[in-house]
Protein chains: 2
Amino acid sequence: MRELDETDLEILRLLVSDGRRPYNEIADAVNLSPPTVSDRIDRLADLGVIRRFTVDLDRSLLADGVSVLVDLRAEPGRVGDVRAAIEEIEGVEHVFVTAEGRIVFQARLQENAIEPLLDETIDTTAVREYDVSLLVDSTWYPQPRGVEFALECDECGNSVTSEGESARLGGEIYHFCCSSCKSQFEEQYEELQEAV
Amino acid sequence: MRELDETDLEILRLLVSDGRRPYNEIADAVNLSPPTVSDRIDRLADLGVIRRFTVDLDRSLLADGVSVLVDLRAEPGRVGDVRAAIEEIEGVEHVFVTAEGRIVFQARLQENAIEPLLDETIDTTAVREYDVSLLVDSTWYPQPRGVEFALECDECGNSVTSEGESARLGGEIYHFCCSSCKSQFEEQYEELQEAV
DNA sequence: CCTGAAAAATTACGTGA
DNA sequence: TCACGTAATTTTTCAGG
């Protein structure tokens, strides 16, 4: 494995602006061959930097309920629970969790059913207060602009360099600075699984 | 032109979950031939329902500053100005505008430069109050779930049916219920352009 | 990471419902 | 207008170095 370089970021930018851009076009832009571009994209996907290829839809053209922004403050220690409950709600598109335990999410819901739905889905004892606002517009600007790449070893916390390794355990991708951290992590993971 | 049907929505769902899914696979799923799927996707793009093919990135892996959620309340009548200023800020990823003129946006910024940047970029007389929160997590759930299709004529406001027409003016796509609305709109658009 | 060949996917186009 | 089949073209993947 290697750290990401400027070429990877350029590939990401090109894919963000057009996720179906042919590899030979990308290859020309970054002075690589198409197979190499393919390899890099695979690696970016393995690393988890690319979560998925997708389409950006104009949902206002799909009469899909109204778009609302919900702002709520979870009780200390209950943020995870509330967040999980929110994820279960059909129509939720974006969820933001702040460092202070505030959760803001955007969803497309049936207008008359918003409050009952929230009351029903979310444990009210875990939420201090909440506020629902009707949205008139929402836009997404997906251009990545940063340059650096920062990965921390999931075992020891050191930064992951070119000697690092990755592993996929239970659907999640983990990164390690070295093979011993990786094997130690995998061992602990297995023990944990057996205990469950 | 035709209204969207359930097949189109199924195609959209498949593309959302994988934007590079081969058309023959989609074709199998919806019982059409690959060329027909291609035609439908082109039409969805022309209509503006598909804004773009793109990739969903895990930005936390790109050391790209910290992610913040900014919540601000614009002075009445200044929402458009403030919103336009926000769009100019590098690192802004999501912008939400509520019916009451509140603007919430998520951005990835350099930690020490947030307040000065905002003060500098946004006309402070147009903003009543604002609040910046550090984000620990943000997730996007792009599944479209609605069924209906709702388009309003950009000239008269009536709903657009199968007899409708579209036009692309200055990079924007407009929809019309009939050809007379379309030509009237185009006429006005040209006059406006000449005046500028 | 490259080249060159094979495989696969996409698009173009003519035809029919 | 919408969909399809076939063929041509483009894109992606695979081997080997």
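Naming: A, B, ... by sequence-line order, numbering from 1 per chain. Only this structure's heavy atoms are used, side chains among them; waters, hydrogens and symmetry mates stay out.
Of the candidates D:dT13, D:dC4, C:dC1, D:dC4 carries the atom nearest the B:Ser33 side chain, counting heavy atoms from C-beta on. Closest approach to the B:Leu32 side chain among D:dT13, D:dA3, C:dC1 is made by D:dA3 (side chain taken as heavy atoms from C-beta onward). Side-chain proximity of B:Arg40 to the nucleotides D:dT13, C:dC2, D:dA3 is greatest for D:dA3. Distance from the side chain of A:Thr36 is smallest for C:dC2 among the nucleotides C:dA9, C:dA12, C:dC2. Side-chain atoms of B:Ser38 lie closest to C:dT11 of the nucleotides C:dA9, D:dC4, C:dT11. Nearest nucleotide to the side chain of A:Asn24, out of C:dT3, D:dT11, D:dT12: D:dT11.
Distances shorter than 4.0 Å separate some side-chain N or O of A:Arg20 from OP1 or OP2 on C:dT10.
Between B:Ile41 atom CD1 and C:dA12 atom C1' there is a gap of 17 Å when expressed in whole angstrom units. Separating the CZ atom of B:Arg21 from the C1' atom of C:dT10 is a distance of 17 Å, rounded to the nearest angstrom. Between B:Leu14 atom CG and C:dA9 atom P there is a gap of 15 Å when expressed in whole angstrom units. If you measure from atom CG of B:Leu4 to atom C1' of D:dC2, you get 15 Å, rounded to the nearest angstrom. In this structure, A:Asp39 places its CG atom 13 Å from P of D:dT12, rounding to the nearest Å. The distance from atom CG of A:Asp28 to atom C1' of C:dC2 is 15 Å, rounded to the nearest whole Å. Atom-to-atom, OH of A:Tyr23 to P of C:dG4 comes out at 22 Å; the value is rounded to the nearest Å. As rounded to whole Å, 13 Å separates atom P of D:dC2 from atom CD1 of B:Ile11.
Using a distance-only test at 3.5 Å, with no hydrogens or angles considered, a donor-acceptor pair links the side chain of A:Thr54 to the main chain of B:Val16. Looking at B:Arg21, its side chain does come within 3.5 Å of a backbone N or O of B:Leu14 through a donor-acceptor pair.
Counting non-hydrogen atoms under 4.0 angstrom, B:Pro35 reaches a base of the nucleic acid.
A salt bridge links A:Glu6 with A:Arg13: at least one charged nitrogen is closer than 4.0 Å to a carboxylate oxygen.
Counting only heavy atoms from C-beta outward, the side chains of B:Leu61 and A:Leu4 never approach each other to under 4.5 Å.
In this model, no donor atom of one side chain and acceptor atom of the other lie less than 3.5 Å apart for B:Ser67 and B:Arg59.
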